[in-house]
Amino acid sequence: MKRTFTVCPYCGTGCMFYLLSDGNRLVGVEPSRNHPVSRGGLCVKGWNAFSFVGHPDRLTVPLVRKDGELVPVSWDEALARVVSGLRSVQGRYGKDSIMFASSAKATNEENFLLMKLARRVFGTNNIDHCARLCHSSTVVGLAETFGSGAMTNSIDCIDKADLIFVIGSNTTEQHPLIGTRIINAAKRGAKLIVADNRVIRLARHADSHLRHKNGSDVALLSGMMQVIISEGLENRAFIDSRTEGYHEFAESVREWTPERAASFTGLSAAEISDAARQYAAAGSAMIFYSMGITQHTHGVDNVRCIANLAMLTGNVGREGTGVNPLRGQNNVQGGCDMGALPDLYSGYQKVADPSVRLKFEKAWGGALLPATPGLPLTLAMNAAARGDLKGMFIMGENPLISDPDQAHVLAALQSLELLVVQDIFLTETAQLADVVLPAACFAEKDGSFTNTERRIQLLKKAVEPPGEAKADWEIICGVAAAAGFYGMKYENTSGIMAEIASLTPIYAGVSHRRLPLAGLQWPCTDADHPGTPILHRERFSRGLGKFVPVTYRPPAETPDDAYPFVLTTGRTYFHWHTGSMTRRTHLLDREENRAFVEMNPDDATKLGIKGGERAVVSSRRGEITVFTKLTDVVPPGVLFMPFHFAEGAANALTNNELDPESHIPEFKVSAVRVRRAG
Ligand SMILES: Nc1nc2c(c(=O)[nH]1)N[C@H]1C(S)=C(S)[C@@H](COP(=O)(O)OP(=O)(O)OC[C@H]3O[C@@H](n4cnc5c(=O)[nH]c(N)nc54)[C@H](O)[C@@H]3O)O[C@H]1N2
Ligand SMILES: Nc1nc2c(c(=O)[nH]1)N[C@H]1C(S)=C(S)[C@@H](COP(=O)(O)OP(=O)(O)OC[C@H]3O[C@@H](n4cnc5c(=O)[nH]c(N)nc54)[C@H](O)[C@@H]3O)O[C@H]1N2
Ligand code: SF4
Ligand SMILES: [Mo]
């Protein structure tokens, strides 16, 4: 039996574990006691992460569509088809008629190379990834207020905090090992405030549980800040020495009396005042948030309010404090860090900045690089639906199930002249492709992932990929070579990291040699730099922290007589997004194997629906049939549905309205109606 120390492929918590293999077959997982994040524990997905790897459905050969059928071809033929297809679309419709979707499931090295391929080889900034659907509101909101869109503190800080405020994060199910740390903190006496209208597990450990209406976070947070200011609980010394823009901001929240905030949130004024006083009174308070905050048409405003609240009370830059967006995918932090974003190179260097472009032009062989920011993923899908975008290269994403408004996405993908999908399984999206490229999965390749606390960790190959499947980085280099570009030849992934370090100041001190065991937290600016567990200690990344006034806006679609329920969508403990991996994992699939909707028993009684029966849920976009779960977890008037199940796809219902600044869709609020399935 061989043991390979590597990184969990699921969530951004970034546990490391040992993969156990017998010859070329994975047989199990063992946790590591010494790892700073996992500390001897794993969640059920981690324990079972070996199981999908050897599944018979794995893609093993390249496929090309001929006479309507996907048929096996050689790698040379597949790569030639990709390059001629992309070039032909560009030749007819312009350089920016193609889009690259990168992957938060792929390594840092692979994300860096895909953005190099898009920009250097195909001359377009149209590159993005699932961060658009996830924490794009954070990247915009925290860059503006703090100067950096990443989690400010470390997971270890949970042990030091006096108070933990969790808003819009179902931490025990979605970041389980962080959830456990928060419960342990509450047990040792730290105060816990949870703001989520579902009775999530953390709510049962909370000192206060605020069940405010979906989409009313700006009102809740503004109300809390009004109380803090009007009662003189703000941290004057911090505001004066570390921030700017305070007076205009304070003026903007003056109208948000707790009574007014109560009328927007459905809470009582006392609940809001009480939460504000508790947060302001804590010596050190951490805020954790996730999709309940970001996935709104006012997602950036939500993030601004959170940053304002933390600065108002001086809860930034110290142990046990901070603004901590929990990053979702195992490498979504890395996907952003590597510049798989339409406006940024690696390390958040702007494509619009001529000196940045010059640096990359010199390093990459001189050719001019495109200067205008490209299309975000969501706008690219809209452009395809309009007929303005004709080619897509999708690495490790499954938008037919994960993007909002499925009918719209299907029309967009079908209208493309070329769709290339590089995945480990023949996903619903891959089934529509013209070319399918078989990729190696996490257990079959080397590289690095960056977790939610900015910790860059080493991924180690344990087994060989199935059939002719190759690591994403090898495939990308193959596409570059087929396109006649010879500046993408690497012996191994540590060579790619050397290039990343040379071009990316926050990764400048990173090399694979330094990563084994516990990794390094960026910024890590030179070879001797120990890494940075806490950001903004002496000064904010942008200098002074910036208070930004926010105006309340309701969600784009609210319930009415025709569609009387609020539908909110998200995840469950056992499954991962579009289910490609977890639904092929026996133990996980056994626990949860059918599409369902959570509904309050009072609503069900009124509609004559029983628990476990099938119900039809419809919105202005579509209709699906799912099983009902009657539960007090959701309040009356609110339904919750995970988006894991293709046969009852929540995204057939969701609304494709976007935040105007981050272009994130409003996955957390749409209006629907329900009836018993006939
Ligand atoms: N098991 C599992 N774990 C995962 C994932 C998975 O698919 N499965 N996905 C990973 C990824 S990529 C991500 S981004 C994270 C997401 O992690 P989370 O954001 O924690 O997960 P969600 O279920 O999307 O939503 C969290 C909570 O937001 C609440 N909510 C809904 N609307 C609002 C609102 O308006 N305001 C507030 N305050 N709360 C609201 C919901 O009730 C829900 O409990 O999880 C990661 N971890
Ligand atoms: N309704 C609703 N929709 C949502 C959300 C929501 O809360 N509600 N949340 C959104 C969020 S936060 C996110 S992050 C997105 C996620 O959306 P996606 O990223 O589209 O979802 P995944 O299923 O994680 O897709 C990852 C794909 O990568 C493949 N894969 C795994 N490992 C590898 C690898 O090593 N190489 C390659 N090439 N492929 C690999 C998997 O098989 C899978 O097909 O969904 C979004 N959609
Ligand atoms: S908490 Fe996240 S990283 Fe840790 S084992 Fe579970 S899924 Fe993997
Ligand atoms: Mo996400």
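Sequential numbering from 1 along the given sequence is applied to the chain's residues.
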*Would you check, one step at a time, whether the test side-chain contact (heavy atoms from CB on, under 4.5 Å) holds for R454 with L535?*
CA-CA 10 Å; R454 299 170 276 103; L535 299 180; 3.6 Å; yes
Might you confirm whether atom [atom1] of [X] has over 12 heavy atoms from other residues, nucleotides or ligands at distances under 6.0 Å?
X: K460; atom1: NZ; value: no
X: R553; atom1: CZ; value: yes
X: E231; atom1: CD; value: yes
X: R513; atom1: CZ; value: no

*Test side-chain contact (heavy atoms from CB on, under 4.5 Å) on N302 and H296 and set out the steps.*
CA-CA 8 Å; N302 280 346; H296 291 280; 3.6 Å; yes
*Answer with yes or no after comparing the ring centroid distance for F393 and F122 against a 6.0 Å cut-off, counting only values under it.*
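Judged by ring-centre distance (under 6.0 Å), F393 and F122 do not meet the cut-off.
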*Quick one: do the N656 and N382 side chains pair a donor with an acceptor below 3.5 Å?*
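Side chains of N656 and N382: pair found under 3.5 Å.
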*So, S346 versus T504: side-chain donor-acceptor pair below 3.5 Å or not?*
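A pair is found: one side chain offers a donor N or O, the other an acceptor, under 3.5 Å apart.
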Is it true that a side-chain atom of [X] and a backbone atom of [Y] form a donor plus acceptor pair closer than 3.5 Å?
X: T265; Y: S216; answer: no
X: R132; Y: P665; answer: no
X: E361; Y: L368; answer: no

*Between Y552 and H298, what is the ring plane arrangement, given parallel below 30°, perpendicular above 60°, and tilted in between?*
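Because their plane-to-plane angle lies in the 30° to 60° range, the rings of Y552 and H298 count as tilted.
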*Give me the ring orientation class for F547 and F249: parallel if the planes are under 30° apart, tilted from 30 to 60°, perpendicular past 60°.*
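It falls in the parallel class, under 30°.
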Less than 4.5 Å apart, any side-chain heavy atom of [X] and any of [Y]?
X: M16; Y: S32; value: no
X: L202; Y: I183; value: yes
X: H129; Y: S103; value: no

Could you go through residues 282-289 and list every donor-acceptor pair under 3.5 Å that involves a side-chain atom there, pairing it with any protein atom two or more places apart or in another chain?
| residue | atom | partner | partner atom | Å |
| --- | --- | --- | --- | --- |
| S284 | OG | D162 | OD2 | 3.4 |
| Y289 | OH | T138 | OG1 | 2.9 |

Minimum heavy-atom separation for [X] and [Y], please, with both atom names.
X: D217; Y: I167; result: OD2-CD1, 3.4 Å
X: E397; Y: C130; result: OE2-N, 2.6 Å
X: S102; Y: N111; result: OG-OD1, 2.5 Å
X: P505; Y: Q349; result: CD-NE2, 3.7 Å
X: A206; Y: V194; result: CB-CG2, 3.8 Å
X: V37; Y: T13; result: CG1-O, 3.4 Å

*Evaluate side-chain contact (heavy atoms from CB on, under 4.5 Å) for I200 paired with E173, printing each intermediate quantity in order.*
CA-CA 9 Å; I200 55 173; E173 296 203 38; over 6 Å; no
Point-to-point distance, once rounded to the nearest 0.5 Å, from [atom1] of [X] to [atom2] of [Y]:
X: M151; Y: N153; atom1: CE; atom2: CG; answer: 7.0 Å
X: T124; Y: M99; atom1: OG1; atom2: CE; answer: 8.0 Å
X: E319; Y: I534; atom1: CD; atom2: CD1; answer: 5.0 Å
X: T313; Y: I228; atom1: OG1; atom2: CD1; answer: 6.0 Å
X: I456; Y: T450; atom1: CD1; atom2: OG1; answer: 5.0 Å
X: L326; Y: H135; atom1: CG; atom2: NE2; answer: 6.5 Å

Using a strict 4.0 Å threshold on nitrogen-to-oxygen distance, state whether [X] and [Y] make a salt bridge.
X: D472; Y: K445; value: yes
X: R39; Y: D156; value: yes
X: E661; Y: R304; value: yes

*asked:* Under the ring-ring contact (aromatic ring centres under 6.0 Å, His included) definition, can you give me all pairs with a residue in residues 338-359, not counting sequence neighbours?
replied: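 Matches after skipping sequence neighbours: Y345-F360.
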*Evaluation steps, side-chain hydrogen bond (donor to acceptor under 3.5 Å, both in side chains), between Y490 and E499*: CA-CA 10 Å; Y490 305 89; E499 181 173 326; 2.7 Å; yes
*Can S169 and S290 be said to form a side-chain hydrogen bond (donor to acceptor under 3.5 Å, both in side chains), step by step?*
CA-CA 5 Å; S169 152; S290 196; 5.3 Å; no
*Apply the side-chain hydrogen bond (donor to acceptor under 3.5 Å, both in side chains) test between S448 and each candidate in N108, N331, T493; give the one that qualifies.*
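It is N108, the one option of N108, N331, T493 that forms the side-chain hydrogen bond (donor to acceptor under 3.5 Å, both in side chains) with S448.
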*Among Q333, E453, H175, find the one that has a side-chain hydrogen bond (donor to acceptor under 3.5 Å, both in side chains) with R327.*
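Of all the options given, the one that passes is Q333.
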